[in-house]
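Presented below is the structure to which this report refers.
Chain naming here is simple, since letters A, B, ... match the order of the sequence lines and numbering starts at 1 in each.
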2 protein chains.
Amino acid sequence: MSETCINCGHSLCARRVPIFSKLDGKEIESVVTLIRRKHFDKGENLFFEGGELQGLIIINRGRAKAYINTPEGKEQILHIFFPGDFFGEKSLFVDKKTEYNVKAVEPVDICMISKKDFQELIKKYPGITSKILQELVNRIDRLESMIENIGAKSVDSRINAVLLEFAQKSLDENQIDSAAQFELPLNREGIANYIGVTRETVSRKLNLLQEEGVIQMIGNKKIKILDKNRLKSE
Amino acid sequence: MSETCINCGHSLCARRVPIFSKLDGKEIESVVTLIRRKHFDKGENLFFEGGELQGLIIINRGRAKAYINTPEGKEQILHIFFPGDFFGEKSLFVDKKTEYNVKAVEPVDICMISKKDFQELIKKYPGITSKILQELVNRIDRLESMIENIGAKSVDSRINAVLLEFAQKSLDENQIDSAAQFELPLNREGIANYIGVTRETVSRKLNLLQEEGVIQMIGNKKIKILDKNRLKSE
DNA sequence: CGACGGGTTGAGCGCACTCAAGCGCAGTGG
DNA sequence: CCACTGCGCTTGAGTGCGCTCAACCCGTCG
């Protein structure tokens with residue numbers, strides 16, 4: 001864990017964050033002075049449930065998973081944070097603790113802004129608020145379709161949906177259509193805990209999809225979608 | 001469907017809505033002039049997925065369910081809106097359509113504010129924005145714990161959780177402890193579609209809970225929680 | 001080398017689903 | 001008032017899908 005992020009020049013770092021994307025050069029500068037940076041190795045926890053998290057955390061590089069451990073000993077993954085995503089917004093607006101954990105699934109660099117600094121930032125640049133609102137609404141969207149998946153769809157459909165989701169987050173539009181390969185953000189067990197099944201089931205279904213020629217696996221982590229339409233149906 | 005709401009004096013109506021709770025008398029007055037009211041009978045749809053919904057809708061009386069029909073012919077319920085809850089916030093902040101339906105499960109009165117009016121309201125009273133933010137964060141909370149329930153918990157636990165949720169929304173704290181009865185907002189099929197099981201399963205589990213002395217059913221719709229702790233465990 | 005984590009495969013089982021029938025109650029109309 | 005109808009709920013029987021448990025494989029790392 002180091003305090004500096006070698007890979008990003010200061011202003012560049014803040015500009016990559018969608019929340020600040022509307023600010024101009026000078027404004028970005030003033031934001032940058034408030035930001036602290038941190039690095040986490042793969043497997044390290046960025047945050048534990050119920051912990052004190054008095055600020056906003058933005059993922060700058062790498063991916064992280066937010067998850068809950070149930071009393072029954074299972075792990076349910078709620079979000080996969082990609083670069084540009086943030087969490088900790090809850091502590092900014094309501095007086096409640098966040099009750100999930102966040103763990104780096106690969107090396108991760110983050111930006112942090114304290115609650116106090118952020119509230120002043122909002123006063124100065126109200127445009128940020130509307131960016132946050134947009135992001136929250138989008139997150140509600142994703143959670144809702146996740147519930148539809150887990151609650152009402154067959155296991156096959158859930159696998160299909162999660163593959164499409166990962167592809168969309170990892171590639172841009174034309175890349176998906178050209179069957180470019182991408183890297184799964186989670187291992188089999190992680191995918192299983194994301195869609196509410198067991199790792200064995202994920203394993204079997206992926207092999208089945210490959211046999212049917214819908215996808216092609218390169219090693220364990222990389223995947224290529226050959227027939228996007230077959231994934232969309234059902 | 002009538003255009004006026006007989007049951008609420010104008011300012012009273014707006015004051016009951018948490019979003020406006022921080023405004024003072026005069027401010028409330030100015031909000032009231034923007035509000036249009038509507039009534040829906042049980043079973044009527046307040047809103048269809050993909051429809052044009054250019055404004056915010058606040059439930060004033062009665063309860064409504066938000067649900068999706070899956071391609072496989074199942075219905076997944078996403079939210080139960082109680083009086084004071086709102087929906088349609090999505091259309092205010094992002095340029096996307098809402099893709100669930102909303103149906104009255106009992107007679108419902110609503111307040112409507114158009115997108116245009118609401119945006120001016122926000123400019124005038126920025127406090128409303130923070131209320132909205134709070135509510136969105138709370139909603140994310142609820143969706144997350146819903147995913148934990150459906151995805152990682154046993155059917156028994158899901159039934160327990162949903163009963164507690166309905167009790168909390170219907171009663172206040174001391175009432176729950178004194179085992180007061182309350183009315184279920186959904187029938188068996190509705191509960192089933194909310195927690196991702198079949199109606200038969202709900203039926204069986206409820207009877208089991210009654211046999212075990214954890215709950216007591218009065219008719220089909222009313223229920224009394226006798227042993228709150230047994231519902232909480234697991 | 002052995003240990004370990006991640007992945008795959010197989011066998012068997014249990015739980016919730018499916019399908020089907022019957023019950024009870026409310027509302028309707030003769 | 002009763003018969004009729006329809007809806008919601010219950011109950012039973014049988015089945016199938018995904019889970020559990022266990023073994024094994026493979027590549028990596030100390």
Side-chain angles (χ1 to χ4, degrees), chain A residues 41-44 65 70 72-77 103-106 149-163 183-212 215-223 234, chain B residues 41-43 65 70 72-77 103 105-107 149-163 183-211 215-223 234:
Chain A
D41 291 329
K42 175 179 173 177
E44 273 192 289
K65 65 175 180 181
T70 73
E72 287 148 354
K74 290 191 185 174
E75 170 182 300
Q76 176 65 49
I77 295 179
K103 182 178 276 188
V105 296
E106 54 196 18
N149 269 326
I150 300 184
K153 290 200 178 172
S154 69
V155 172
D156 289 322
S157 304
R158 283 185 248 175
I159 299 264
N160 293 353
V162 82
L163 289 180
E183 195 183 335
L184 292 172
L186 300 170
N187 58 22
R188 305 303 135 107
E189 189 168 10
I191 297 173
N193 293 340
Y194 191 47
I195 61 175
V197 298
T198 57
R199 63 174 180 280
E200 293 97 325
T201 300
V202 174
S203 200
R204 289 185 241 263
K205 298 292 181 185
L206 283 182
N207 286 338
L208 240 150
L209 281 175
Q210 184 161 229
E211 281 172 33
E212 291 169 352
I215 62 170
Q216 185 190 342
M217 289 167 49
I218 302 102
N220 274 332
K221 299 226 83 179
K222 293 195 174 178
I223 220 170
E234 277 167 87
Chain B
D41 292 328
K42 175 179 174 176
K65 65 175 181 182
T70 73
E72 287 148 354
K74 289 190 186 176
E75 170 182 300
Q76 177 66 48
I77 295 180
K103 181 178 278 190
V105 296
E106 53 197 17
N149 269 325
I150 299 184
K153 290 198 177 175
S154 69
V155 172
D156 289 321
S157 304
R158 281 185 249 175
I159 299 265
N160 293 353
V162 82
L163 288 180
E183 196 182 336
L184 292 171
L186 300 171
N187 59 22
R188 305 302 135 107
E189 188 166 13
I191 297 173
N193 292 340
Y194 191 46
I195 62 175
V197 297
T198 57
R199 63 176 180 281
E200 293 97 326
T201 299
V202 174
S203 200
R204 290 186 241 262
K205 297 293 181 185
L206 283 182
N207 286 338
L208 241 149
L209 283 175
Q210 185 162 229
E211 280 172 34
I215 62 170
Q216 185 191 340
M217 289 167 50
I218 302 103
N220 274 333
K221 298 227 83 178
K222 293 195 175 179
I223 220 170
E234 278 166 85

Note: for B/V155 and A/V202 on DNA chain C, the residue whose nearest nucleotide lies more 5' is A/V202
Please report, rounded to the nearest Å, how far the P atom of D/dG8 is from the CG atom of B/N220. 11 Å
With A/K65, which residues qualify under salt bridge (Lys or Arg N to Asp or Glu O under 4.0 Å), at least two apart? A/E75
In whole angstrom, what separates B/E183's CD from D/dG8's P? 15 Å
Just wondering, do A/N187 and A/I191 contact through their side chains at under 4.5 Å, heavy atoms? no
Length of the line joining A/N187:CG and D/dT28:C1', which is rounded to integer Å: 15 Å
Calculate the interatomic distance between B/R188 atom CZ and D/dC7 atom C1'; express it in whole Å. 14 Å
Sub-4.5 Å side-chain heavy-atom contact between A/R158 and A/I150: yes
Can you sort out which residues in residues 189-197 of chain B have a heavy atom within less than 4.0 Å of DNA chain C? Ascending by number, please. B/G196, B/V197
Whole-Å distance, A/Q210 CD to C/dT8 P, equals 9 Å
Using only side-chain N and O atoms of B/N207, determine if any of them is under 4.0 Å from OP1 or OP2 of D/dT11. yes
End axis versus end axis in the helix from C/dC1-D/dG30 to C/dG30-D/dC1, the angle rounded to 10°, five pairs used at each terminus: 30°
Give the rounded distance in Å between these two atoms: CD1 of A/I150 and P of D/dG18. 15 Å
Compare all side-chain heavy atoms of A/L163 with those of A/L184 and state whether any distance is below 4.5 angstrom. yes
Side-chain atoms of residues 195-204 of chain A: list all donor-acceptor pairs with protein atoms under 3.5 Å, sequence neighbours left out, distances to 0.1 Å.
residue: A/T198; atom: OG1; partner: A/T201; partner atom: OG1; Å: 3.0

Within the supplied structure, the quantity of interest is the number of heavy atoms (other residues, nucleotides, ligands) at a distance under 6.0 Å from B/K42 NZ; does it exceed 12? no
Distance check, rounded to the nearest 0.5 Å: B/K222 atom NZ versus B/M217 atom CE? 13.5 Å
Can you measure from CZ (A/R188) to CG (A/L206) and round to the nearest 0.5 angstrom? 5.5 Å
List the residues meeting side-chain hydrogen bond (donor to acceptor under 3.5 Å, both in side chains) with A/E212, not counting sequence neighbours, and say none if there are none. none
Assign B/K205 to base, sugar-phosphate, or nothing according to its heavy-atom contacts below 4.0 angstrom with the strands shown. sugar-phosphate
Give me, pair by pair, the N or O atoms of the protein and of nucleotides 20-25 of chain D that are less than 3.5 Å apart, along with how far apart they are.
residue: D/dT20; atom: O4; partner: A/R204; partner atom: NH2; Å: 3.4
residue: D/dC21; atom: N4; partner: A/E200; partner atom: OE2; Å: 2.9

Rounded to the nearest 0.5 Å, what separation is found between the CD1 atom of A/I159 and the OG atom of A/S154? 9.5 Å
Does the pair A/T70 and A/Q76 meet the rule for a side chain to side chain donor-acceptor pair (under 3.5 Å), with working shown? CA-CA 7 Å; A/T70 73; A/Q76 176 65 49; over 6 Å; no
When the distance from NZ of B/K221 to P of D/dC7 is rounded to whole Å, what number comes out? 16 Å
Take the protein atom NZ of B/K153 and the nucleotide atom P of D/dC19, then report the distance between them rounded to whole Å. 18 Å
